Amino acid sequence: MKKRCCKRHISTERAIDKQSGGEHYKNAKIQAIEFITAHKLDFIDGNIVKYAVRKKDGESDMERYKKIKHYAELAMELKCG
């Protein structure tokens, strides 16, 4: 019989209500992850949405748009041929 190394913890807080490393998703009317899963977006399209809707502290608009552009370029190469 294996011993448990950690006590089982039951959280009363929903995972969607938690965020590590800032508030840049929690402050939105709808979280990017909810939109992405509701529309069944793949990884690349999900990242485009994620970067488009968040405003991370210290991140300039130019940095955000470069990330969006990079994922759009990846989509064109990997998904469109």
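None of the values given here were measured: they were computed from a predicted structure.
Taking each heavy atom of A32 and V53 in turn, the nearest pair found is CB-CG2, 3.8 Å.
Note that CZ of F43 is 11.0 Å distant from CG of L78, once rounded to the nearest 0.5 Å. The line from CD of Q31 to OG1 of T37 is 10.0 Å long, rounded to the nearest 0.5 Å. Considering SG of C80 and CD of E73, their distance stands at 12.5 Å, rounded to 0.5 Å. For the atom pair K56 NZ and Y51 OH, the distance stands at 7.5 Å (nearest 0.5 Å). Within the model, atoms CD1 of I48 and NZ of K69 stand 13.0 Å from one another, a figure rounded to the nearest 0.5 Å. K50 NZ to R54 CZ: the interatomic distance, rounded to the nearest 0.5 Å, is 5.5 Å.
No side-chain donor-acceptor contact under 3.5 Å links E77 to the backbone of L74. In this structure, the side chain of R64 engages the main chain of A52 through a donor-acceptor pair within 3.5 Å.
Partners of F35 according to the ring pair (Phe, Tyr, Trp, His ring centres under 6.0 Å) rule, which considers only residues two or more places apart in sequence or in another chain, are H39. With sequence neighbours left out, K67 forms a side-chain hydrogen bond (donor to acceptor under 3.5 Å, both in side chains) with E59. Under the rule for a side-chain hydrogen bond (donor to acceptor under 3.5 Å, both in side chains), the partners of K79 that lie at least two apart in sequence or sit in another chain are D42, D45.
A single hydrophobic cluster is seen to contain both I44 and Y65, as judged by linkage of ILVMFWY side chains at heavy-atom distances under 4.5 Å, directly or through other members.
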